[in-house]
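For reference, the structure discussed in these notes is given below.
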There are 2 protein chains.
Amino acid sequence: MADSDNAKTTRPFAQAAVLPDGAAPQQPGSGDRVPCRQCPLVGRRGLAPPDEGQRAWIESFKSSEVRFARGEQVLRQGGRATRLYTLLEGVLIRYRLLEDGRRQIVNFLFPGDLVGLQAAFDAELTHSVEAMTEARLCAFPRDRFFDLAVSHPKLSFDLTWMAAREEAALEDHLVSLGQRNAQERLAYLAVFLVQRGVATGVVREGVLRLTVTQSQIADMLGLSLVHTNRSLQSLRRKGLVDWTLSTIAVPDIEAARSFAQMDGDPYIPRPYI
Amino acid sequence: MADSDNAKTTRPFAQAAVLPDGAAPQQPGSGDRVPCRQCPLVGRRGLAPPDEGQRAWIESFKSSEVRFARGEQVLRQGGRATRLYTLLEGVLIRYRLLEDGRRQIVNFLFPGDLVGLQAAFDAELTHSVEAMTEARLCAFPRDRFFDLAVSHPKLSFDLTWMAAREEAALEDHLVSLGQRNAQERLAYLAVFLVQRGVATGVVREGVLRLTVTQSQIADMLGLSLVHTNRSLQSLRRKGLVDWTLSTIAVPDIEAARSFAQMDGDPYIPRPYI
DNA sequence: CGCGCGCCATGTCAAATGACACGGACCGTT
DNA sequence: AACGGTCCGTGTCATTTGACATGGCGCGCG
């Protein structure tokens, strides 16, 4: 039921992979385990540093490291995953397919984000997760998930925190789809992505390098492909957002935020798991 | 910034309160504390029963019980709450206001739901919460929140579970706003509400008694009031959904689910907090 | 009773968005 | 060089949805 291909929007395919930070791509597979001590997440802006005991415990918890190329599926809607992931590097999308092929992209995931929390509770997955760039994830076995709460309360607290943050992000998206028109939604999404990029150290000179097709934008914002295209051009003419296949630029974040009526703090530090 | 009143849709006002289960309303205030032993939530369909140690601990955690009348605000957008709530009885809505008065209702809350998790993390609230019916909440002090993870890992686990469930609900709503047309959205919302009502024992003979104005429906689904009205009538003529001011009836849930392209398990038991 | 008010219904027209069709740029493969 | 694939741009028209105006109905209230 989750694989119809007659959607009104075309399905994404693997394409030239883009690494968010310019790192060299390596062969896929689950080899070369990196010790948590050298975890690339530590030290990034926007991530609170973990304490030492915490790190040691996480290391013992970690089971393996996995890589995906752009376009590959990390999690499949309708399935049950046995592992919980932390995104180390790259960008993912989470989306849901309806039976007739309509697709709703629910959120973008950046380094530090949790992947598959639903699966950790033994629920059937309501969405798929796919790599937008070459990506590296850190995997934890699900069955040891409950141990976490017992042996490391701080981590468990952080986990709840992350779930609450993810929920807050969905709330933002929901407001966008419900109340904003096409151009406002586009401005909102561009700002959202750039800010997430900044927080995870993936933005250079105000420009986020990330290849997103207009079809994906449309499926995130609930717009048709054509209307997305036209609205994007209009925003470009206004100088608010310049969004190409491989880059997203918002010259004046404040102007764009005000255009889209976004309020609230843009930067909230995330805990480290 | 959160109080503009010039919205294109009218603001809800207090009106004849409706109790979901026919209980007699009592005077507002925070008096007459009910021991958790007699918690009205226990034994309801859809709630997993707590074990004894857990209950005792929750009882020590509980600080007070609060009541609200229809139309009263439980939490205010932009503020910081110092308490975390569990909804004992009644129905609430959670909504966000934009500066120009547009309103997006983010979710409906039913007995057993957590209220104010964001606030528990000391974040500024991004939404308001308002009572749709006479409501009773059970309040916990925020500063003791962290103790929970330490002393009762199972509860902490449940908390994460609840946050994940709430996130899944928002994902459903997001799919609705992004991919479904007006009538599908209405059918979806009606089914969603009836099913939540069933799960919390608030539905009688396939009909949910809950007063929701068309303006509130419109603000939940991102539709104009007028269009909501017309689409509602069309659904009624089709025999799919009969939604009046004070009742929601879905004669054939399966038909409505299929009309709205809903899939996945409708009933998932919730833990007890 | 008459009034104000919240809510729902409906008519008419306008605006936003979607559907379909086509062309063109780019790029890897043969 | 020709081909097929993906993606972006644009023209034309259809559909969905929104805006505005108006009336009706029930209900609490002085």
Side-chain angles (χ1 to χ4, degrees), chain A residues 5-18 69-71 100-104 132 176-187 210-237 241-248, chain B residues 5-18 70-71 100-104 132 176-186 210-237 241-248:
Chain A
D5 231 340
N6 52 349
K8 53 182 174 178
T9 51
T10 52
R11 195 55 35 75
F13 273 78
Q15 197 240 18
V18 171
R70 167 172 241 253
D100 64 359
R102 284 179 275 183
R103 172 177 67 167
Q104 176 64 39
M132 294 277 291
S176 230
L177 292 206
Q179 301 303 130
R180 297 195 243 256
N181 63 30
Q183 294 190 28
E184 290 170 335
R185 289 185 214 181
L186 284 164
L210 175 68
T211 114
V212 187
T213 68
Q214 293 186 352
S215 182
Q216 290 169 327
I217 301 174
D219 283 350
M220 169 94 199
L221 298 180
L223 299 170
S224 72
L225 177 53
V226 177
H227 195 53
T228 299
N229 180 306
R230 291 194 237 261
S231 305
L232 229 28
Q233 292 177 61
S234 170
L235 278 182
R236 191 166 318 161
R237 279 193 296 274
V241 173
D242 193 344
W243 197 331
T244 73
L245 175 57
S246 59
T247 63
I248 308 172
Chain B
D5 231 341
N6 52 350
K8 55 180 174 178
T9 51
T10 51
R11 195 53 35 74
F13 273 78
Q15 197 240 16
V18 171
R70 167 172 241 254
D100 63 0
R102 283 179 277 183
R103 173 178 68 167
Q104 176 64 40
M132 294 279 291
S176 230
L177 292 206
Q179 301 304 129
R180 297 195 243 256
N181 63 29
Q183 294 190 27
E184 290 170 335
R185 288 185 214 181
L186 283 164
L210 176 68
T211 116
V212 187
T213 68
Q214 293 186 353
S215 183
Q216 290 170 326
I217 301 173
D219 283 351
M220 169 94 197
L221 298 180
L223 300 170
S224 72
L225 176 53
V226 177
H227 195 53
T228 299
N229 181 305
R230 290 194 237 259
S231 306
L232 229 28
Q233 292 176 62
S234 170
L235 278 182
R236 190 165 320 161
R237 278 193 296 274
V241 173
D242 193 344
W243 196 330
T244 72
L245 175 58
S246 58
T247 64
I248 308 172

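For the numbers below, each heavy atom of this structure counts, side chains included, while hydrogens, waters and symmetry mates do not. Note on naming: letters A, B, ... go to the chains in the order of the sequence lines (proteins, then strands), and numbering restarts at 1 for each one.
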Nearest heavy-atom neighbours spanning A/Gln216 and A/Thr211
OE1-O, 4.2 Å

CZ of A/Arg102 versus P of C/dA19: gap in Å, rounded?
10 Å

Under-3.5 Å N/O pairs linking protein and nucleotides 12-17 of chain C:
residue, atom, partner, partner atom, Å
C/dT12, O4, B/Arg230, NH2, 3.1
C/dT17, OP1, A/Ala182, N, 3.3
C/dT17, OP2, A/His227, NE2, 3.2
C/dT17, O5', A/His227, NE2, 3.3

Roughly, in whole Å, what's the span from CZ in A/Arg236 to P in D/dC8?
10 Å

For A/Trp243 and A/Ile248 the tightest heavy-atom approach is NE1-CG1, 3.4 Å

Rounded distance (Å) that lies between atom P of D/dG18 and atom CG of B/Asn229
13 Å

Grab the CG-C1' distance between B/Leu186 and D/dT17 for me, whole Å please.
13 Å

Quick check: closest heavy atoms across A/Leu232 and A/Gln214, and the distance to 0.1 Å?
CD2-NE2, 3.9 Å

So does A/Gln233 get a side-chain nitrogen or oxygen closer than 4.0 Å to the phosphate oxygens (OP1/OP2) of D/dC8?
no

Short question: side chain of B/Gln104, backbone of B/Met220 - any donor-acceptor pair under 3.5 Å?
yes

Identify the two heavy atoms, one from A/Arg102 and one from B/Arg180, that lie closest to each other, and give their separation to 0.1 Å.
NH1-CA, 3.9 Å

Do any side-chain nitrogens or oxygens of B/Gln214 fall under 4.0 Å of OP1 or OP2 in C/dG6?
no

Quick one: closest heavy-atom pair of B/Leu177 and B/Gly222, and the distance?
CD2-N, 4.5 Å

What is the distance, rounded to the nearest whole Å, between atom CG of B/Leu221 and atom C1' of D/dG18?
15 Å

Is the closest side-chain donor-acceptor distance between A/Arg185 and A/Ser231 under 3.5 Å?
no

Distance check needed: D/dC7 P versus A/Asp219 CG, whole Å only.
12 Å

When the distance from CG of A/Leu225 to C1' of D/dT10 is rounded to whole Å, what number comes out?
12 Å

Taking CG from A/Asp100 and P from C/dA19, how many angstroms apart are they, rounded to a whole number?
11 Å

Distance check: side-chain N/O of A/Gln216 vs OP1/OP2 of D/dC7, anything under 4.0 Å?
no

